[in-house]
Amino acid sequence: MQKNKSIRKWYFRLSFYLMILLGMGTTLTTTSCKNKQKIAAEQAAAEKKAKIEKATKDLQAVLNDTSMSAEERQKRIDAIKAMNVDDPTVKDLIAQAEQSVREQRIREEEEKRQKEAEAEASKKSKTIKDFFSEIANAKDANAANASIQNALKLFTSPQAPVLIIIAEEGGEKDYDEPTTAEKYLNFIKDQKKMNHKVVSIGTDANGKIKLLELSN
């Protein structure tokens with residue numbers, strides 16, 4: 001009987017210690033999970049901070065670098081947007097950068113149109129100069145008249161105005177009496193020389209010369 005009591009007492013103590021050990025294990029496990037969650041949160045915060053710093057730096061570079069084309073700047077902005085940085089400062093910088101790119105595109109398109117217009121004017125200038133020389137040096141009236149007819153094909157009509165600058169000061173121009181393409185080409189034929197130089201050529205939507213400006 002005494003022996004059974006001792007055994008029960010021993011089992012009771014063993015169960016008590018096991019319960020304590022289990023409780024300690026649960027506490028350690030919970031503490032360990034909390035530590036892991038804290039570390040993971042700290043790592044996520046550090047990664048977010050690094051992404052914000054990088055995105056901010058890259059966006060400021062895009063805003064400040066005027067040597068890049070609009071296309072190149074937009075590619076860099078798209079790469080930054082792909083980082084999905086949820087930060088108000090970064091979002092504001094993205095908006096500023098994209099507005100800057102839109103403005104740059106407008107400037108680039110205008111510069112492109114201007115260069116194309118200049119190239120076209122240069123091409124037309126060279127062509128009309130060739131005709132001027134051809135008419136002035138024609139071997140006879142028939143050859144000159146043939147050149148005049150071909151030259152007139154470059155104009156919107158034989159009555160297209162030709163203006164000759166005789167003086168210019170402070171951006172203001174004084175012109176000789178206005179004439180027309182046909183009259184001026186015949187003038188070259190009669191004089192057998194071309195003493196004026198092409199200053200500018202105005203063209204219509206089809207590239208025809210609608211206004212020719214010359215100077216001495």
Side-chain angles (χ1 to χ4, degrees), residues 61-78 95-216:
V62 170
L63 281 166
N64 296 329
D65 192 346
T66 57
S67 64
M68 288 188 290
S69 67
E71 183 179 359
E72 177 60 28
R73 293 176 78 203
Q74 187 61 55
K75 285 181 180 179
R76 296 198 179 191
I77 294 170
D78 291 341
Q96 291 180 44
E98 290 190 321
Q99 177 61 29
S100 178
V101 167
R102 283 192 291 270
E103 293 171 356
Q104 184 179 357
R105 286 191 191 280
I106 293 172
R107 291 195 302 272
E108 288 179 350
E109 289 172 1
E110 179 58 31
E111 289 171 1
K112 181 181 178 182
R113 283 194 296 269
Q114 185 174 347
K115 287 180 179 179
E116 289 175 348
E118 289 174 354
E120 186 65 20
S122 177
K123 180 181 177 182
K124 291 286 190 303
S125 176
K126 182 179 179 181
T127 302
I128 199 64
K129 283 181 179 179
D130 288 342
F131 279 116
F132 288 160
S133 178
E134 195 174 286
I135 294 166
N137 297 297
K139 62 182 181 179
D140 54 41
N142 289 333
N145 288 333
S147 294
I148 288 172
Q149 291 306 310
N150 287 326
L152 286 173
K153 293 176 182 178
L154 296 177
F155 293 85
T156 52
S157 81
Q159 305 308 310
V162 175
L163 303 179
I164 302 173
I165 302 170
I166 56 176
E168 183 173 4
E169 184 176 354
E172 295 294 326
K173 299 176 181 178
D174 288 330
Y175 295 98
D176 198 352
E177 184 179 351
T179 186
T180 66
E182 186 174 31
K183 288 180 180 179
Y184 185 74
L185 293 173
N186 277 291
F187 171 76
I188 296 174
K189 180 186 75 170
D190 295 339
Q191 295 294 312
K192 297 188 182 299
K193 60 182 178 180
M194 171 59 183
N195 294 329
H196 299 115
K197 62 181 180 181
V198 176
V199 174
S200 67
I201 299 175
T203 58
D204 66 4
N206 297 316
K208 295 279 189 177
I209 300 172
K210 62 180 181 180
L211 174 64
L212 186 61
E213 188 177 53
L214 309 174
S215 69
N216 291 318

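Just so you know, residue 1 is the first one in the sequence shown, and it goes up from there. The analysis underlying the following values was restricted to heavy atoms, covering all of them including side chains, and did not include hydrogens, waters or symmetry mates.
- Nearest heavy atom pair, residue Ile135 against residue Ile188, reads CG2-CG2, 4.0 Å.
- In plain terms, the two heavy atoms of Ala143 and Asp140 that are nearest each other are N-OD1, 2.8 Å.
- Here the closest heavy-atom approach between residue Lys210 and residue Thr203 is recorded as CE-O, 3.4 Å.
- In this structure, the separation between CD1 on Ile128 and CE on Met194 is 8.5 Å, given to the nearest 0.5 Å.
- A distance of 5.0 Å separates CD1 in Ile201 from CD1 in Ile209, rounded to the nearest 0.5 Å.
- If you take CG on Asn150 and CG on Leu185, they are separated by 11.0 Å, rounding to the nearest 0.5 Å.
- A search for side chain to side chain contact (heavy atoms under 4.5 Å, CB included) contacts involving Glu134 returns Phe131, Ser147, not counting sequence neighbours.
- Note that the CD atom of Gln96 and the CG atom of Leu63 stand 6.0 Å from one another [nearest 0.5 Å].
- Using a distance-only test at 3.5 Å, with no hydrogens or angles considered, no donor-acceptor pair links the side chain of Asn206 to the main chain of Lys208.
- Shown here is Lys192, whose NZ atom has no more than 12 heavy atoms of other residues, nucleotides or ligands within 6.0 Å.
- Residues passing the side chain to side chain contact (heavy atoms under 4.5 Å, CB included) test with Asp190, sequence neighbours excluded: none.
- Lys197 pairs by the side chain to side chain donor-acceptor pair (under 3.5 Å) definition with nothing, not counting sequence neighbours.
- Applying the ring-ring contact (aromatic ring centres under 6.0 Å, His included) rule to pairs touching residues 191-216 yields Tyr184-His196, sequence neighbours excluded.
- Atom CG of residue Leu163 and atom CG of residue Leu211 lie 5.0 Å apart, to the nearest 0.5 angstrom.
- Electrostatic pairing of Glu72 and Arg76 counts as a salt bridge here, judged by a charged N lying under 4.0 Å from a carboxylate O.
- Residues Gln149 and Asn145 fail the side-chain proximity criterion, which asks for heavy atoms closer than 4.5 Å.
- Ionic pairing of Arg105 and Glu108 is not present here: no N-O contact between side-chain nitrogen and carboxylate oxygen is shorter than 4.0 angstrom.
- At least one side-chain heavy atom of Ser100 sits less than 4.5 Å from a side-chain heavy atom of Arg73.
- The CZ atom of Phe187 lies 8.0 Å from the NZ atom of Lys193; values are rounded to the nearest 0.5 Å.
- Under the rule for a side chain to side chain contact (heavy atoms under 4.5 Å, CB included), the partners of Gln159 that lie at least two apart in sequence or sit in another chain are Ser157, Thr180, Glu182.
- Here Asn137 pairs with Ser133 under the side chain to side chain contact (heavy atoms under 4.5 Å, CB included) rule; sequence neighbours left out.
- Side-chain atoms of Gln104 come within 3.5 Å of backbone atoms of Met68 as a donor-acceptor pair (strictly under, hydrogens ignored).
- Side chains of Glu110 and Gln114: a donor-acceptor N/O pair is absent below 3.5 angstrom, by distance only.
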Check step by step if side chain to side chain contact (heavy atoms under 4.5 Å, CB included) holds for Ile165 and Tyr175. CA-CA 4 Å; Ile165 302 170; Tyr175 295 98; 3.5 Å; yes
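- For Glu71, the CD atom is loosely surrounded, since the number of other residues' heavy atoms within 6.0 Å does not exceed 12.
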Run the side chain to side chain contact (heavy atoms under 4.5 Å, CB included) check on Leu214 and Val198 step by step: do they pass? CA-CA 5 Å; Leu214 309 174; Val198 176; 3.9 Å; yes
